[in-house]
Visitor: 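Pasting a structure here, questions to come.
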Amino acid sequence: MAESWVNYAERIGVDLHLELSGPGGRRAALTRALREAVRGGRLAPGTRLPPYRSLAADLGVARNTVADAYAELVAEGWLTARQGSGTRVAERARPLRRAVGAPAQAPARAGGPRHDLRQGRPDASAFPRAAWAASYRRALQAAPSEAFGPGDPAGRRELRETLAEYLARARGVRTEPDRIVICSGFAHALRLLFGRDAPGSTGGAGGAGGPAGGGVLRGPLAVEAYGLGFHRDLLSAAGVRTVPLPLDEHGARVVALGPERAVLLTPAHQFPTGGPLGPERRVAVIDWARARGSVVLEDDYDGEFRYDRRPVGALQGLDPERVIHIGSVSKSLSPALRLGWMVLPERYVEPVLAAKGEREGWASVPDQLALADFVACGSYDRHVRRMRQRYRGRRDRLVAALAERAPHIEVTGIAAGLHAVLRLPPGTERTVVEAAARRGVALDGLAAFRHPDGPASAGDGLVVGYAAPADHAYGAALEALCEVLAAA
Ligand SMILES: Cc1ncc(COP(=O)(O)O)c(C=O)c1O
């Protein structure tokens with residue numbers, strides 16, 4: 001393709017090197033070359049571009065080719081065209097400032113670990129782009145015009161209907177679409193329930209254990225002694241006091257429940273220690289809630305991923321009037337979608353809707369419609385099945401590698417989810433996490449999840465998120481982890 005030094009020094013005061021190469025013909029090549037010249041700062045804001053005819057003659061292209069390229073860049077905002085003053089580089093098309101000699105490409109975000117074994121992250125490289133795009137396209141084509149107006153705070157009916165069926169089939173949830181409220185994930189559900197996003201909420205105004213201003217539920221809230229600090233912080237910012245419940249291999253010791261108004265549990269797979277809530281405890285916690293008039297919040301964050309047997313059904317199935325079941329696509333599809341759901345006892349539906357406000361303010365309606373299609377056409381089931389196999393394979397590789405390379409390290413918890421807990425000899429957790437960091441392996445120790453007022457520590461351990469790396473990177477991450485553990 002043509003390459004030309006165009007000397008417009010006399011006419012526009014710049015020497016401009018335009019290389020017309022790459023796919024798509026001359027018009028596309030010229031558009032690209034001019035855009036790069038503006039974006040990179042070689043054509044400064046305000047610079048007047050040559051008339052079509054002269055540039056066309058210099059480059060040996062048709063006049064229309066130049067006219068079309070200019071028009072496209074005007075439409076994109078890189079150039080402006082005004083009667084009488086010709087075509088100029090737009091004033092706001094300021095190039096990104098960068099230090100002399102700095103690379104033109106933005107570097108990958110600083111601080112990304114070489115080997116990512118952090119919990120809570122699905123394999124982002126496995127996002128089902130084609131199937132999601134197909135669902136999105138179908139959903140947009142089928143959507144009535146009103147879908148593009150302000151959204152219903154309950155969420156799109158199409159999604160609530162699909163979820164009611166899916167959750168009944170896959171998780172044993174007993175519900176109907178009118179009991180489901182769409183939200184932007186588990187964290188958002190907590191905010192809605194405890195008042196941070198409620199109208200008139202004053203956040204921590206209630207003080208420790210006091211009412212969360214405007215919230216649907218009030219503290220104190222019993223929580224598992226190990227859990228996500230982010231969720232505890234969110235609750236405490238809403239003025240909700242959390243009371244830690246001790247844990248053992250059967251999950252939370254619900255006999256220790258007292259006069260709390262609610263309890264938050266991860267019954268399918270305790271986060272992060274990894275045991276399921278034992279059958280007697282499932283019954284006992286429902287009995288407690290009935291006797292006290294309390295409610296159980298069920299965080300079903302990875303309930304679809306069980307590898308040793310079929311997943312245990314949701315606790316909600318035992319008593320839909322005593323359990324708020326909360327789920328999201330953050331583990332199954334992507335935490336970037338910010339889509340989740342709350343399955344509510346009837347008495348909480350109106351208060352939660354009131355907390356959400358008059359219109360949907362969080363969960364994109366087109367995304368909701370796409371998810372409804374994605375579930376209804378079977379893509380969600382197919383994706384979960386595929387990821388279940390992939391994660392199961394990774395967990396098996398982790399267990400096998402440790403048995404060979406670091407046999408003193410025990411893998412605890414059930415074969416489920418996206419993470420495993422490795423038990424460490426007492427007093428070694430911190431050193432091992434630091435050694436891993438030096439080797440480029442990002443992961444957390446168990447201590448990072450401990451409730452500050454909780455009972456004695458559950459021992460030393462590592463929480464290994466085996467889902468996070470892309471498939472091709474998992475072997476190297478595992479190797480690096482084994483090296484660290486073998487040396488520990
Ligand atoms: C314990 C636990 N609960 C819930 C979630 C889901 O959170 P969200 O739906 O806000 O992304 C996660 C995800 O990392 C989690 O680890």
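Only heavy atoms go into these numbers, but all of them, side chains included; no hydrogens, no water, no symmetry mates. Start at 1 and go down the list; that is how both ligands and their atoms are numbered.
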Visitor: Please report whether ligand 1 has a polar contact with F271, defined as an N or O pair separated by less than 3.5 Å (distance criterion only).
Guide: no
Visitor: I need the contact type for F186 against ligand 1. Using non-hydrogen atoms and a strict under-4.0 Å cut-off, is it side chain, backbone, both or neither?
Guide: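 Both backbone and side chain.
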Visitor: Whether D123 and R386 form a salt bridge (side-chain N of Lys/Arg under 4.0 Å from carboxylate O of Asp/Glu) is what I want to check.
Guide: no
Visitor: Side chain, backbone, both or neither: which part of S330 has a heavy atom under 4.0 Å from ligand 1?
Guide: side chain
Visitor: Identify which one of E298, R179, Q316 satisfies the side chain to side chain contact (heavy atoms under 4.5 Å, CB included) criterion when paired with V173.
Guide: Q316
Visitor: Looking at R171 and D300, does any basic side-chain N land under 4.0 Å from a carboxylate oxygen?
Guide: yes
Visitor: Cationic tip of R394 within the cone over Y474's six-membered ring, i.e. under 6.0 Å and within 45° of the normal?
Guide: yes
Visitor: Which protein non-hydrogen atom lies closest to atom 12 (C) of ligand 1, naming both residue and atom, and how far is it?
Guide: K331 NZ, 3.8 Å
Visitor: Tell me the protein heavy atom at minimum distance from atom 5 (C) of ligand 1, and give that distance in Å.
Guide: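 Sorting protein heavy atoms by distance from atom 5 (C) of ligand 1 puts Y301 CB, 3.9 Å first.
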Visitor: Mind listing the side-chain donor-acceptor pairs of residues 416-427 below 3.5 Å, one per line with the distance, residues two or more places apart or on another chain?
Guide:
{"residue": "H419", "atom": "NE2", "partner": "P272", "partner atom": "O", "Å": "2.9"}
{"residue": "R423", "atom": "NH1", "partner": "A458", "partner atom": "O", "Å": "2.8"}

Visitor: Does the E429 side chain pair with the main chain of G461, one donor and one acceptor, at a distance under 3.5 Å?
Guide: yes
Visitor: In ligand 1, which numbered atoms sit nearer than 4.0 Å to a non-hydrogen atom of D299?
Guide: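 Close to D299: 1 (C), 2 (C), 3 (N), 4 (C).
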Visitor: Output yes when the distance from some N or O of ligand 1 to some N or O of R338 is under 3.5 Å, and no in every other case.
Guide: yes
Visitor: Does Q119, backbone or side chain, put an N or O under 3.5 Å from an N or O of ligand 1?
Guide: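 Not met; the criterion fails.
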Visitor: Assess H231 for proximity to ligand 1: is some non-hydrogen atom of it under 4.0 Å away?
Guide: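 Yes.
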Visitor: Please confirm whether L228 comes under 4.0 Å of ligand 1, counting heavy atoms of the residue only.
Guide: yes
Visitor: Taking the side chain from R232 and the backbone from R450, do they hold a donor-acceptor pair closer than 3.5 Å?
Guide: yes
